[in-house]
Structure formats: C-alpha cells, structure tokens
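Keep in mind that the numbers below use all heavy atoms, side chains included, and drop hydrogens, waters and symmetry copies. All residue numbers refer to positions in the sequence shown, counting from 1. None of the values given here were measured: they were computed from a predicted structure. Whatever order the structure lists ligands and atoms in, that order sets their numbers, starting from 1.
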Amino acid sequence: MNRDEIISILSEDNPVKTEELFRRARAVRAQEFSNKIFLYGFVYFSTWCRNNCNFCYYRTSNTIPRYRKDASEIIAIAELLAESGVNLIDLTMGEDMAYHKESFASVFDLIQEIKDRTGLPVMISPGVVEHSWIDRFSDLGTEWYALYQETHNKELFARLRTGQDYDERMNAKLYARDRGMLIEEGILTGVGESVADIADSLLEMGRIAARQVRVMSFVPQKGIPMEQVKKPEPSQELKIIALLRLLYPKALIPASLDIDGIKGLEGRINAGANVVTSIIPPRSGLAGVAQNSMDVDEGGRTVAEAAQILRNIGLEPASAKEYITYLTMLREASS
Ligand code: SAM
Ligand code: MD0
Ligand code: SF4
C-alpha cells in the first residue's frame with residue numbers, strides 16, 4: 001500500500017468499506033497469529049516527569065498528586081500480574097529526575113529482579129535516556145524499548161512535545177534497535193494531524209523496523225493546554241489499527257485499555273489489534289497514562305475480564321511460552 005492509498009482509505013467515510021477494511025485486517029491477523037492474542041501487564045511506577053507534553057496529564061506544569069512506588073511494591077505488582085497470566089511486564093515512568101540523578105541504578109535493579117522473579121519478557125518505557133543506559137537495558141536482556149514519537153511531522157511534534165528534540169527522541173529509539181532491542185513506535189490521533197501526516201507515520205514505522213506499532217486516540221485531560229481539544233471520532237483509531245495490520249502483518253499492535261477502558265477492547269481487536277495492553281491489577285494504587293482512573297480500581301482491566309471478551313469472539317489469550325516463542329522469531333528476523 002502506498003501513501004496515496006493510505007490517505008484515500010483514511011479519508012473514506014463509508015461504513016460498508018470500513019467494515020470490509022476491518023474484515024481484511026482480521027483475516028491477515030488470523031493468518032499470522034491464528035486465534036491467539038497477547039496480554040501485557042502495565043506498571044506505571046512513577047508519575048513524576050520533567051517534561052511538559054501538551055497532551056499529557058502528568059506534564060510537569062500540571063499540579064496533581066503524584067507517586068513514585070517503592071521497589072518492593074513494584075515487584076509485588078509485577079508478580080501479581082504474572083500470576084494472573086500476562087505475557088509481558090511493561091515498566092513505564094515519567095522522565096523522573098530522581099532516577100536520572102542516580103543514573104537509573106534502581107531501574108536496572110528493578111528490571112533484573114522482575115525478570116528473575118516472573119520469567120517474563122520486559123518492556124521499558126522510560127522516555128529519552130542516555131545511550132549508555134540503553135546499553136545497560138540491552139545487556140540486561142530487556143526485550144523492548146517503547147518510545148512514541150506521537151507524530152512524524154516535526155512541526156506538530158514541536159507543538160505536542162514542547163521543549164523536546166525530535167531527533168534526540170528518534171535517535172534513542174534507533175540506538176536501542178541497533179543494540180538488539182525490539183522497539184515500539186506510536187502515534188496519537190486527534191492532536192491536529194492531517195491524514196497525510198498519519199500516512200507518513202505509518203510508513204515511517206516500517207522504515208525504522210518497529211516490531212510493535214500503535215495508535216492512541218487523544219483523551220482530553222484536566223489542567224493541560226489541550227484540555228478543550230475534543231476526543232477524535234472512535235473510527236479514526238480503528239481504521240489506523242486496521243491499516244497497520246495490512247501494512248505490517250507480523251507486527252504486534254496494541255488494543256489499549258487506557259483509552260476507553262475494557263469496553264473499548266472488542267472494537268480494537270476487531271480492527272486487527274493482537275495485544276491487550278494496559279492490564280492493571282485492581283486496587284494497586286497505579287494510574288493509567290491516558291486515563292488516570294478508568295476501570296482501574298473497578299477491576300475491569302484484568303486478564304480475567306479481557307480473556308472473557310476475547311473468548312466471546314472466538315479468540316484465545318496466548319501463553320507466556322507462545323509469546324516468548326514469537327519474540328524469538330521476531331528477533332531472529334531482525335538480526
Ligand atoms: N514518559 C514516557 C514517554 O513519554 O515516553 C513514558 C510514558 S509514554 C508510555 C506515555 C504515552 O501515553 C505517550 O507517549 C502518549 O502516546 C500517551 N499519552 C499521554 N497522554 C495521553 C492522552 N492524553 N491521550 C492519549 N494518549 C496519551
Ligand atoms: C498502554 N498505558 O499500553 C499503556 C502505555 C507504555 N508502553 C504503554 C501507553 O496503553
Ligand atoms: Fe512526561 Fe511522558 Fe507525559 Fe510527556 S508523555 S509529560 S514525557 S509522562
């Protein structure tokens with residue numbers, strides 16, 4: 001599919017054609033993954049951040065309650081998630097200066113400990129960090145480095161990630177890839193991008209060889225500059241998911257529970273996603289990224305809830321072993 005074709009599909013507003021797009025995306029997923037869907041546990045362990053992203057609730061200028069969890073608590077949550085049946089632990093943080101000041105020493109310890117105790121692959125979502133720290137992630141065997149550009153239009157990037165450097169962010173990701181880590185790239189939709197910007201992003205994701213690729217709808221947050229910007233039409237994110245599946249049949253594509261909670265799962269899976277992300281144990285005291293509360297304490301964002309929804313549409317949660325086998329295949333294909 002070329003740029004013009006992507007633009008034309010994104011500009012199309014015909015429900016019959018959109019349904020056909022989703023059906024094709026599901027067929028491609030079935031061919032590559034049969035009926036298996038992966039599940040990721042999400043551990044947002046520090047909500048402190050030095051940055052001021054205009055779309056983010058946790059931007060430094062927003063006066064909100066914040067937390068930084070103790071290692072023992074983080075490890076206990078990761079173990080709970082592992083026992084509940086997730087395939088990976090995603091360790092996510094704001095760009096918290098407390099960790100930067102100690103050159104990330106406790107984050108490295110955390111990764112090691114969680115790998116040892118759960119035996120699961122780990123994704124680190126630390127924001128932009130020094131290359132020597134990425135070396136360390138790689139040496140620890142950290143499978144994934146997640147870092148979302150949000151857009152590949154540099155002007156729009158400057159407006160969204162105010163004060164941050166586009167190339168520095170991109171280079172951190174490429175460096176991680178070159179050090180043998182799998183990388184996840186992502187965009188936001190509903191943040192003032194054009195359909196051409198989206199097409200450019202989708203193609204760029206392939207060029208940088210991101211093995212997990214995502215889109216998330218912007219969710220308006222209290223106290224941020226974009227508070228009044230409306231959430232985009234739900235079909236926009238779903239169409240982008242389907243396009244990602246058609247462009248990159250083997251990619252891992254998240255259906256994030258962070259945008260619409262558990263009720264948003266089925267639509268995203270039916271558009272071609274194959275990973276349920278943002279699974280959080282109930283009452284863990286942890287927040288989401290795009291939704292700081294939705295379904296978290298109500299216990300809606302668990303493996304049990306997600307598995308039931310998947311089974312109702314003829315799909316099955318993958319085992320840890322199946323996920324590890326898949327990653328081995330991806331890494332061999334990358335090297
Ligand atoms: N602080 C690190 C960083 O920014 O790379 C790690 C956190 S990262 C996983 C947070 C991601 O959540 C952002 O990259 C963005 O894609 C998404 N996000 C943040 N605020 C959002 C919002 N209001 N609506 C939708 N997605 C949002
Ligand atoms: C998600 N809340 O998947 C998570 C987060 C960070 N690697 C992922 C954005 O929805
Ligand atoms: Fe910080 Fe990440 Fe939020 Fe930006 S998106 S303000 S870097 S937590």
Any N or O on [X] sitting closer than 3.5 Å to an N or O of ligand 1?
{"X": "Leu188", "value": "no"}
{"X": "Glu150", "value": "yes"}
{"X": "Phe55", "value": "yes"}
{"X": "Arg161", "value": "yes"}
{"X": "Val219", "value": "yes"}
{"X": "Tyr148", "value": "no"}

Any idea which of Ser278, Ala146, Ala255 brings a heavy atom closest to atom 2 (N) of ligand 2?
-> Ser278
Find all atoms of ligand 2 within a distance of less than 4.0 Å from any non-hydrogen atom belonging to [X], and give their numbers and elements.
{"X": "Asp90", "value": "6 (C), 7 (N), 8 (C)"}
{"X": "Ser125", "value": "6 (C), 7 (N)"}
{"X": "Thr92", "value": "6 (C), 7 (N)"}
{"X": "Tyr148", "value": "6 (C), 7 (N), 8 (C)"}
{"X": "Arg214", "value": "1 (C), 3 (O), 8 (C), 9 (C), 10 (O)"}

Would you say [Y] and [X] are linked by a side-chain donor-acceptor pair, where the criterion is simply a distance under 3.5 Å?
{"X": "Asn52", "Y": "Thr162", "result": "no"}
{"X": "Tyr40", "Y": "Gln212", "result": "yes"}
{"X": "Glu332", "Y": "Thr328", "result": "no"}
{"X": "Tyr44", "Y": "Asp90", "result": "no"}
{"X": "Asn51", "Y": "Glu95", "result": "yes"}
{"X": "Ser8", "Y": "Glu12", "result": "no"}

Is it true that [X] and [Y] make a salt bridge, defined as a side-chain N closer than 4.0 Å to a carboxylate O?
{"X": "Lys17", "Y": "Glu20", "answer": "no"}
{"X": "Lys115", "Y": "Glu143", "answer": "yes"}
{"X": "Glu305", "Y": "Arg301", "answer": "no"}
{"X": "Lys173", "Y": "Glu185", "answer": "yes"}

Contacting atoms of ligand 1, where contact means under 4.0 angstrom from a heavy atom of [X]:
{"X": "Gln221", "answer": "22 (C), 23 (N)"}
{"X": "Gly94", "answer": "1 (N)"}
{"X": "Ser125", "answer": "6 (C)"}

What's the shortest distance from [atom] to any protein heavy atom, and which residue and atom give it?
{"atom": "atom 3 (Fe) of ligand 3", "value": "Cys56 SG, 2.4 Å"}
{"atom": "atom 18 (N) of ligand 1", "value": "Val289 CG1, 3.7 Å"}
{"atom": "atom 3 (O) of ligand 2", "value": "Thr277 OG1, 2.7 Å"}
{"atom": "atom 4 (Fe) of ligand 3", "value": "Cys53 SG, 2.3 Å"}
{"atom": "atom 2 (Fe) of ligand 3", "value": "Arg161 NH2, 4.2 Å"}
{"atom": "atom 17 (C) of ligand 1", "value": "Met216 CE, 3.3 Å"}
{"atom": "atom 7 (C) of ligand 1", "value": "Thr92 CG2, 3.7 Å"}
{"atom": "atom 10 (O) of ligand 2", "value": "Ser256 OG, 2.4 Å"}
{"atom": "atom 1 (N) of ligand 1", "value": "Met93 O, 3.0 Å"}

Under 4.0 Å from any heavy atom of Arg59, which atoms of ligand 3 are there?
-> 6 (S)
In ligand 3, which numbered atoms sit nearer than 4.0 Å to a non-hydrogen atom of Phe55?
->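 Within the 4.0 Å cut-off of Phe55, ligand 3 contributes 5 (S).
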Heavy-atom contact check, 4.0 Å cutoff: does [X] meet ligand 1?
{"X": "Gly186", "value": "no"}
{"X": "Cys49", "value": "no"}
{"X": "Ser217", "value": "yes"}
{"X": "Arg214", "value": "no"}
{"X": "Arg169", "value": "yes"}

In sequence, state the C-alpha distance, the side-chain angles, and the governing distance for Arg214 and Ser256, and then conclude on side chain to side chain contact (heavy atoms under 4.5 Å, CB included).
-> CA-CA 9 Å; Arg214 76 158 61 205; Ser256 172; 4.1 Å; yes
Neighbour count above 12 (heavy atom, 6.0 Å) for Lys250 NZ =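 It does not: Lys250 NZ has 12 such atoms or fewer within range.
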Is atom CG of Asp13 surrounded by more than 12 heavy atoms (other residues, nucleotides or ligands) closer than 6.0 Å?
-> no
Between Ser217 and Glu237, does a side-chain hydrogen bond (donor to acceptor under 3.5 Å, both in side chains) hold up when you go through it step by step?
-> CA-CA 6 Å; Ser217 299; Glu237 181 186 326; 2.6 Å; yes
Ligand 2-proximal atoms of Phe42, by part, heavy-atom distance under 4.0 Å = side chain
Kindly work out whether a path of hydrophobic side-chain contacts (I/L/V/M/F/W/Y, heavy atoms less than 4.5 Å apart) joins Val275 to Leu202.
->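 Val275 and Leu202: separate clusters.
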Is Cys49 close enough to atom 4 (Fe) of ligand 3 to have an N, O or S atom under 2.8 Å?
->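 Checking atom 4 (Fe) of ligand 3 against Cys49, no N, O or S atom falls under 2.8 Å.
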Ring center gap for Phe55 and Phe218 short of 6.0 angstrom = no
Aromatic contact, Phe33 with Tyr326 (centres under 6.0 Å) =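 Under 6.0 Å, so yes.
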Applying side chain to side chain contact (heavy atoms under 4.5 Å, CB included), run through Leu203 and Arg3 and close with a yes or a no.
-> CA-CA 8 Å; Leu203 294 171; Arg3 187 171 183 271; 4.0 Å; yes
Which class fits the ring pair Tyr175 and His131: parallel under 30°, tilted 30 to 60°, perpendicular over 60°?
->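 Ring orientation, 0 to 90° scale: parallel.
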